[in-house]
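The structure under discussion appears below in the form of structure tokens.
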There are 2 protein chains.
Amino acid sequence: MASVFPLADLKASVKPDSRPGSRSDSSPASWVDTIIKGDCVSALEALPSHSVDIIFADPPYNLQLGGTLHRPDQSLVDAVDDEWDQFASFEAYDAFTRAWLLACRRVLKPTGSIWVIGSYHNIFRVGATLQDLNFWILNDIIWRKTNPMPNFKGRRFQNAHETMIWASPSAKAKGYTFNYDALKAANDDVQMRSDWLFPICNGAERLKGEDGKKAHPTQKPEALLARVIMASTKPGDIVLDPFFGSGTTGAVAKRLGRHFVGIEREQDYIDAASARIAAVEPLGKAELTVMTGKKAEVRVAFNVLVESRLIKPGQVLTDAKRRYSAIVRADGTVASGGEAGSIHRLGAKVQGLDACNGWTFWHFEDGQSLRPIDDLRSVIRSDLAKAE
Amino acid sequence: MASVFPLADLKASVKPDSRPGSRSDSSPASWVDTIIKGDCVSALEALPSHSVDIIFADPPYNLQLGGTLHRPDQSLVDAVDDEWDQFASFEAYDAFTRAWLLACRRVLKPTGSIWVIGSYHNIFRVGATLQDLNFWILNDIIWRKTNPMPNFKGRRFQNAHETMIWASPSAKAKGYTFNYDALKAANDDVQMRSDWLFPICNGAERLKGEDGKKAHPTQKPEALLARVIMASTKPGDIVLDPFFGSGTTGAVAKRLGRHFVGIEREQDYIDAASARIAAVEPLGKAELTVMTGKKAEVRVAFNVLVESRLIKPGQVLTDAKRRYSAIVRADGTVASGGEAGSIHRLGAKVQGLDACNGWTFWHFEDGQSLRPIDDLRSVIRSDLAKAE
DNA sequence: CGTTAGCATGAATCAGCGC
DNA sequence: CGCGCTGATTCATGCTAAC
């Protein structure tokens, strides 16, 4: 795990027609669970198309900080106070952003999604570029820091958050993973909001060099990555991080039973990340089972209830308040007045609505009480479960 | 107060060499404390250069809404489908943004600053354009909504915030007002953070038409404007709002002893704003010193414990008498037998009850003893206390 | 008059599949 | 790609009507 994969070897090893490791693939490609050493864009271009499930990117923010300014290639911009050069530097940053995002798009599956984190120095340029490239923004997520650095000069508000953008590769790409039900259940049964509260990475979690100094300047907290990965991937998915740094993405992905691919230029970071990831113990299957809702359940159609005699032809169904009633027919349709149709269509029609979920609208008599016909599907489902 | 100032009159009345009403000017110019009817850019161009102290702008968000959206109860969501929010493309939106920002820059004093509010639909384009025009971003501020609209389809995170950008006219313009000490004193003696918590505008504060419908689709809460104005202006300053709408900026500015200038195209909005502002009673000098901020309620969900590794996936929870047990999963749900769900749902299910407080029901091993998982929230809350 | 149940609503880029 | 069908999906708050 976490072996280092030199870019040259990768180029030699990847077969153009090879399908990469996916959810159902038991033998993942050789570049999976490795750190690729090299430039972000070149490394991305060496990976197969549509091969990763999500991308988490923490690109450089180094924009107009202090008196010096670095270009994406790390060369120094000398005259920051020159108006033209400032404009040029934004252009350079935009070109860099465009290049790596384009390379990411090719590597990302159509059913995938991308996360990018940044601060006000760069996130507006990243967001605009994402839109220009026809990525489709799903949410912007605010990481609220419990313990941000104070503003020392007292000339601004304390900069207490960072922004993440979550996007799918296009407006029409709706196949992205979002574990809504698990997130809601984990959040005390209310849906997860777009503002998240986490401490910054400090203490034992923070990687230190031999000199005791922090190994990486912007190491992200594992809790943040854990929520990102739990929200938008399934176990076995491949998570790509094109700015791998200290390897938080890889460490959390491994712990959570996902595959990772990291891209990183600097050998020191690669060494630190490799050792870190090697020490991670993955969780077992039981712990990684993701809670799903009704959408993921086996489909049981209404006629199955009729055929199995849980509902009998001629039986009367009503709504919860007994304002409307309908008669069940042997073919699995229901009729009321002169109208007939599916439980959904008829439910909509009697209420004068465009749509209706017949499963929760229609009820049947059960002794003294009324129960939704949806309750009967669980009977069928438990029989199906025993049959397996 | 709040008289309507037709654009034609304004053009005639403004003397090019006149110095506008400023902090020390006892006879403000005629366009101060008026609503100018007309197009945003044209009206701005008719105002004198360097004449206003701050600008608060709530431009169209360029929402790109597809069809209709229904709530789970089949009622229709009243979306923002107004003509003024429609743009043909990102390019068109960018050109519009550039035009009004350039016009704003000329009108803004070198010692002034500008606020722009938006959502992920437009804020990245606004931020990038601000930077392109050499505005200097001071902070991005997150308005966290206490009561945002839910996500009805369960396909994204609940969109629970909007973003404001606060910028000075150039990197060298350091003369902007920032009432650091007042903000800190109002915030229990810790510096004001970049994430603010406020309810959306509803109830009595929300302007209604004669038909009882909302007068403006996107009226902002006065509390939000109050913090903006208290943070970045002095009494007597002139606050310009180029997208005046229902006039929240003017109402709050008047109440807080500041002057306002509004620009608005639609007569209905001008009428509503004029009446609103006329009814505002300005505060006395004594009240204009300290404002208190609303604090966040401390809610800690179960997944926060899992993400922060206080509770680990795979760990066994039991009730106080060890009659029931459950296993923690990485997604923040718990499982027991074939059942799984939130700590509350599963607690109820194993006991055969309708409801259960999972926080006090489930316990974890702590050395020799069992402790309720609720105890672990205090660890998180001590971090939280620092954050708010 | 007080309490409660029910309903309305807010800047929303909000479904998935089979034919 | 479009159409049609199945059937899944909401949090906080304030106002009104009912009790």
Side-chain angles (χ1 to χ4, degrees), chain A residues 111 131 135-140 167-168 170-172 174-176 178 180-181 184 187-194 292-297 299-303 321 332 341-345 347-348 354-362 372-374 377, chain B residues 58-82 84-87 90 117-123 143 145-163 199-206 208 212-214 216-221 243 245 297 299:
Chain A
T111 56
Q131 291 178 315
F135 283 91
W136 193 246
I137 297 179
L138 299 168
N139 282 110
D140 58 336
S168 68
S170 79
K172 290 181 179 170
K174 300 190 180 236
Y176 60 89
F178 182 56
Y180 174 80
D181 297 292
K184 183 174 173 179
N187 193 39
D188 289 6
D189 294 318
V190 291
Q191 53 182 219
M192 189 69 76
R193 294 168 49 108
S194 56
T292 56
K294 282 189 173 182
K295 283 175 186 169
E297 287 182 2
R299 199 177 93 93
V300 176
F302 183 65
N303 67 317
K321 295 181 180 171
S342 73
I343 51 173
H344 312 298
R345 286 275 155 258
D354 286 338
C356 165
N357 183 345
W359 288 109
T360 50
F361 177 73
W362 293 112
I373 56 175
D374 198 30
R377 287 201 292 185
Chain B
D58 183 9
Y61 285 12
N62 188 26
L63 299 184
Q64 296 167 42
L65 304 177
T68 58
L69 179 64
H70 289 88
R71 303 166 196 270
D73 65 3
Q74 301 300 331
S75 68
L76 191 66
V77 174
D78 183 20
V80 176
D81 55 358
D82 304 71
W84 48 255
D85 200 47
Q86 310 297 323
F87 291 84
F90 283 132
I117 186 167
S119 66
Y120 66 84
H121 310 85
N122 70 322
I123 199 65
W143 168 28
K145 303 180 183 182
T146 57
N147 47 353
M149 190 185 294
N151 181 290
F152 293 114
K153 301 294 184 187
R155 292 298 292 142
R156 304 181 178 196
F157 296 93
Q158 182 183 31
N159 193 9
H161 73 275
E162 293 187 29
T163 300
I200 60 177
C201 181
N202 246 331
E205 189 185 319
R206 187 88 195 211
K208 305 272 165 55
K213 302 274 183 184
K214 56 190 174 192
H216 191 277
T218 69
Q219 184 180 340
K220 296 292 176 288
F243 306 96
E297 74 286 5
R299 197 180 79 89

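FYI, side chains are in, hydrogens and waters are out, and symmetry mates aren't considered; it's all heavy atoms of this structure. Proteins get letters first, then strands, A, B, ... in listed order; numbering begins at 1 in each. As the structure is a prediction and not an experimental result, all values here were calculated from the model.
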message = For C:dA11, does the base pair up with any side-chain atom of B:Asp58 as donor and acceptor (N or O, under 3.5 Å, distance only)?
response = yes
request  = For B:Pro59, enumerate each residue passing the side chain to side chain contact (heavy atoms under 4.5 Å, CB included) test, keeping only those at least two apart in sequence or located in another chain.
outcome  = B:Ala57, B:Tyr93, B:Trp100, B:Val116, B:Asn122, B:Phe243
task = For the residue pair A:Lys174 and A:Trp136, establish whether any side-chain heavy-atom pair is separated by less than 4.5 Å.
result = no
key: B:Arg155 side-chain N/O to C:dG16 phosphate OP1/OP2 under 4.0 Å   = yes
Distances under 3.5 Å between nitrogen or oxygen atoms of protein and nucleotides 10-12 of chain D:
{"unit_1": "D:dT10", "atom_1": "OP1", "unit_2": "A:Tyr180", "atom_2": "OH", "d": "2.7"}
{"unit_1": "D:dT10", "atom_1": "OP1", "unit_2": "A:Lys184", "atom_2": "NZ", "d": "2.5"}
{"unit_1": "D:dC11", "atom_1": "OP1", "unit_2": "A:Gln191", "atom_2": "N", "d": "2.9"}
{"unit_1": "D:dC11", "atom_1": "O2", "unit_2": "B:Pro148", "atom_2": "O", "d": "3.3"}

All pairs passing salt bridge (Lys or Arg N to Asp or Glu O under 4.0 Å) where residues 69-82 of chain B contributes a residue, at least two apart = B:Asp78-B:Lys214
message = Just to verify, what does A:Phe135 make a ring-ring contact (aromatic ring centres under 6.0 Å, His included) with, not counting sequence neighbours?
response = none
ask   = Think B:Arg155 forms a cation-pi with A:Tyr176, using NZ or CZ under 6.0 Å from the six-ring centre and within 45 degrees of its axis?
value = yes
Qualifying residues under ring-ring contact (aromatic ring centres under 6.0 Å, His included), relative to A:Phe178, sequence neighbours excluded = A:Trp166, B:Phe157
query = When Watson-Crick pairs (N1 to N3 and N6-O4 or O6-N4) and G-U wobble pairs (N1-O2 and O6-N3) count only below 3.5 Å on both distances, what is the dot-bracket string of DNA chain D, with | for other-strand pairs?
reply = .|||||....|||||||||
task = Taking only the side-chain nitrogens and oxygens of B:Lys145, find out if one of them lies under 4.0 Å from OP1 or OP2 of C:dG10.
result = no
query = Is the shortest side-chain N/O distance from A:Ser342 to OP1 or OP2 of D:dT6 below 4.0 Å?
reply = yes
inquiry  = At less than 4.0 Å, is any side-chain N or O atom of B:His121 found next to OP1 or OP2 of C:dT13? Yes or no.
reply    = yes
